[in-house]
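Just below is one structure, and these are the notes that go with it.
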Protein chains: 2
Amino acid sequence: MSQSTSNRRVTAADIARSLGISRATVGFVLNETPGQTISEATRSRVLDEAKRLGYRPHIAARALASGRTRIVLLVLPDWPLDFNLRRNIEEASLALDEAGYALITYTPHPTGLSRPLWETLQPDVVMSMAAFAPGVAESIRASGVTRLIPDPEMPVADEYSEDGPVLQLQHLFDLGHRSIAFAGSADPRVADLVELRRQRAGEAAESLGLPPLRFADIELTDASAAAAIHDWRSSGVTAVAAYNDDVAASLVGAALRAGISVPRELSVVGHDDTPLASMFEPRLSTIHMNTVGLGRYLAALALSAVEERPVPSAGPELQLAVVPRDSSAPAPL
Amino acid sequence: MSQSTSNRRVTAADIARSLGISRATVGFVLNETPGQTISEATRSRVLDEAKRLGYRPHIAARALASGRTRIVLLVLPDWPLDFNLRRNIEEASLALDEAGYALITYTPHPTGLSRPLWETLQPDVVMSMAAFAPGVAESIRASGVTRLIPDPEMPVADEYSEDGPVLQLQHLFDLGHRSIAFAGSADPRVADLVELRRQRAGEAAESLGLPPLRFADIELTDASAAAAIHDWRSSGVTAVAAYNDDVAASLVGAALRAGISVPRELSVVGHDDTPLASMFEPRLSTIHMNTVGLGRYLAALALSAVEERPVPSAGPELQLAVVPRDSSAPAPL
DNA sequence: TTGGGGAACTAGCGCGCGCAAGTCCCGCGA
DNA sequence: TCGCGGGACTTGCGCGCGCTAGTTCCCCAA
């Protein structure tokens with residue numbers, strides 16, 4: 001089963017020799033090379049012998065001969081991935097597996113001191129869930145990788161409409177709140193997304209006939225939450241839509257410490273439905289996201305870039321829902 | 001600078017041809033092959049020409065010829081990594097970079113449906129921060145990787161003494177608590193670590209002259225926290241050492257919902273000092289861990305397995321400290 | 001003057017595989 | 001009977017690199 005008596009690795013040539021046939025035939029069988037006709041008898045003999053000897057193709061040799069590493073590198077942001085995203089990555093991994101590709105996830109180190117993996121791995125495709133940060137696409141190209149997803153050269157319309165903030169506003173509006181603030185994050189890594197969500201929240205407020213939103217960026221580790229709350233309270237704000245659950249938790253904590261009751265005096269809605277949201281006390285109302293089929297979509301995208309496959313037509317479906325918990329309640333009179 | 005006019009990739013042979021020297025010489029220069037003497041003039045000509053042509057070694061070819069992929073696979077647990085650990089991984093990545101190896105982090109998918117990366121990447125070394133789960137080491141071996149760290153065949157004394165629970169107990173003891181419970185996690189993925197910490201807590205209690213600890217395993221998503229607290233309270237427990245911050249948060253939340261004041265009536269200490277601990281309200285007292293030099297140590301370990309390098313003598317230094325916050329206070333009278 | 005030795009190179013094999021181009025033979029239609 | 005179309009293979013090159021086993025030349029000691 002496993003390795004033979006010698007500790008040399010088993011090669012396709014070993015199978016051929018042991019069966020008294022040519023190496024090419026073995027290769028054709030193992031790769032199911034299209035356009036080659038192999039008798040069923042030979043086919044099964046090869047397969048059996050391969051299993052018996054414990055044959056395992058040498059990926060470096062294959063990569064050298066075929067000119068492709070069959071590696072797809074997925075660049076991930078450096079914040080913790082939520083469960084939904086992780087499941088989608090597994091889904092992508094599975095789909096690529098079936099096509100003979102390996103998905104490797106990679107979070108570039110913030111300091112940028114170590115060599116990026118796209119240089120050392122020479123993957124066939126480098127993909128990312130968001131646009132590549134400035135300079136990154138160039139770095140990838142310079143390392144010889146030609147297939148980037150999304151390709152900065154041909155910018156597609158943004159895949160997702162950020163509708164979470166709209167749901168936050170609607171939820172608070174339905175509870176009777178009319179003076180609402182938006183709390184962003186001061187973390188520069190997520191500045192773009194914060195700005196996007198803030199804008200969507202602003203639009204939602206306008207279409208609900210509310211006055212322009214007040215807003216502030218919250219730093220999780222300092223007193224900025226307390227300051228923002230003090231500021232907002234003094235101008236009559238009764239509810240806050242937060243950029244994410246961490247910010248929401250920070251706000252609620254600051255409010256409680258300031259003696260402000262949540263949700264009776266102040267409602268707060270988070271975003272992303274992280275584990276934190278359900279563990280916090282009071283449990284945080286938030287927005288749950290579920291991107292059904294994202295993984296399969298990513299895999300199909302990668303395969304279409306690297307083989308003769310069609311670009312997937314239908315993108316993943318984004319499901320959003322308000323999760324009402326204990327941090328939001330009807331507006332005080 | 002970058003690729004030449006043709007879009008064929010630049011090879012070492014191109015450099016040789018363009019310089020009118022042999023491929024071998026080029027190889028010797030680029031690899032600084034020991035035992036080869038190359039004139040300084042030739043050396044710099046090769047280096048210059050390589051840069052001019054934008055030469056980039058073909059890793060698959062190199063792997064094929066040398067018989068090693070120069071890949072180190074680091075298997076990570078599937079829970080979010082804290083900042084300290086991430087920094088250590090970067091440190092390891094950097095050290096391996098310098099030695100010409102690439103560090104790839106990998107979190108096996110819980111379902112186990114997709115092919116593990118050690119099969120598809122054929123790394124030189126597979127390492128893990130904890131012992132390999134049952135069956136995993138066998139799977140790695142079966143894929144042809146011979147260098148595992150830690151090697152299950154030669155079990156070393158456990159690298160780290162789990163002293164966090166000792167600090168938790170000491171902290172609570174210092175605050176006057178004499179009836180203390182330990183809260184584990186019902187998550188089977190961390191069962192071993194839970195058990196280890198529970199034992200250490202038990203030993204600490206004994207050496208402090210306390211009665212045996214009561215304990216329960218908490219499920220984050222259900223009512224087990226409330227049940228445990230109710231149980232403990234009725235038998236006079238005034239403080240809880242929790243396996244980690246998530247469990248601590250769960251307990252504090254349940255206590256507050258049950259009308260039990262934290263920390264006045266019940267003290268809770270977490271473990272790991274995750275962001276959650278500082279964001280929670282009340283902010284959680286916890287144990288902060290800092291493993292100085294872990295990254296360099298891991299890198300040295302990997303290199304010693306794969307090259308003629310000495311096994312690092314000194315392991316990383318583990319720094320532990322109690323972070324007293326608002327979830328622990330002097331015992332009620 | 002000779003020859004030993006080392007500095008500075010070159011020739012070329014082999015790593016394991018994919019695949020293009022050939023070879024052989026058998027069956028079948030004219 | 002001949003030819004011809006494929007089915008079922010085989011031969012062998014080339015991918016790019018590491019590295020062993022040379023080869024050449026020159027310097028210096030005997």
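Order of the sequence lines sets the chain letters (A, B, ...), proteins ahead of strands, with each chain counted from 1. Computed from a predicted model, the values in this text were never measured in an experiment.
Between B/T42 and the phosphate of C/dA8, there is no side-chain N or O to OP1/OP2 separation shorter than 4.0 Å. Considering only side-chain N and O atoms, A/T11 lies nowhere under 4.0 angstrom from the phosphate OP1 or OP2 of C/dG16.
For the pair A/S66 and B/T33, both in contact range of DNA chain D, the more 5′-proximal nearest nucleotide belongs to A/S66.
Minimum atom distance to the side chain of B/T37 is reached by C/dA7, of the listed C/dG18, C/dA7, D/dT10. Counting only heavy atoms from C-beta on, B/A24 has its side chain closest to C/dA11 among D/dT10, C/dA11, D/dG16.
As judged by a 4.0 angstrom heavy-atom cut-off over every strand, B/T25 is placed among the base-contacting residues. Among the atoms of the strands shown, only primed sugar atoms or phosphate atoms (P, OP1, OP2) are found under 4.0 Å from some heavy atom of A/S39.
Separating the CG atom of B/L64 from the C1' atom of D/dC15 is a distance of 9 Å, rounded to the nearest angstrom. Straight-line distance from the CD atom of B/Q122 to the P atom of C/dC17: 9 Å, rounded to whole Å. Summarising the geometry, the separation between CG on B/N31 and P on D/dC17 is reported as 10 Å, rounded to the nearest angstrom. A straight line from CZ of B/F28 to P of C/dT10 spans 10 Å, rounded to a whole angstrom. The separation between A/I38 atom CD1 and D/dG6 atom C1' is 14 Å, rounded to whole Å. Rounded to whole angstrom, the span from the CZ atom of B/R56 across to the P atom of D/dG16 amounts to 14 Å. Distance CD (B/Q36) to P (D/dT23): 16 Å, rounded to an integer number of Å. Separating the NE2 atom of A/H58 from the P atom of C/dG18 is a distance of 12 Å, rounded to the nearest angstrom.
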task = Step by step, work out the salt bridge (charged side-chain N to carboxylate O under 4.0 Å, His left out) result for A/E90 and A/R87.
result = CA-CA 5 Å; A/E90 169 160 22; A/R87 215 201 38 219; over 6 Å; no

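Annotation for B/R296: atom CZ does not count as buried by contact number, only 12 or fewer foreign heavy atoms lying within 6.0 Å. Around the CD atom of B/E32, the shell of radius 6.0 Å holds no more than 12 heavy atoms that belong to other residues, nucleotides or ligands.
B/R23 contributes a side-chain N or O that forms a donor-acceptor pair with the base of D/dG18 under 3.5 Å.
Exactly one of B/N31, B/I38, B/I21, B/L47 qualifies for a side chain to side chain contact (heavy atoms under 4.5 Å, CB included) with B/V26. That residue is B/I21.
Taking the side chain as every heavy atom from C-beta outward, A/T291 and A/Y297 never approach each other to under 4.5 Å.
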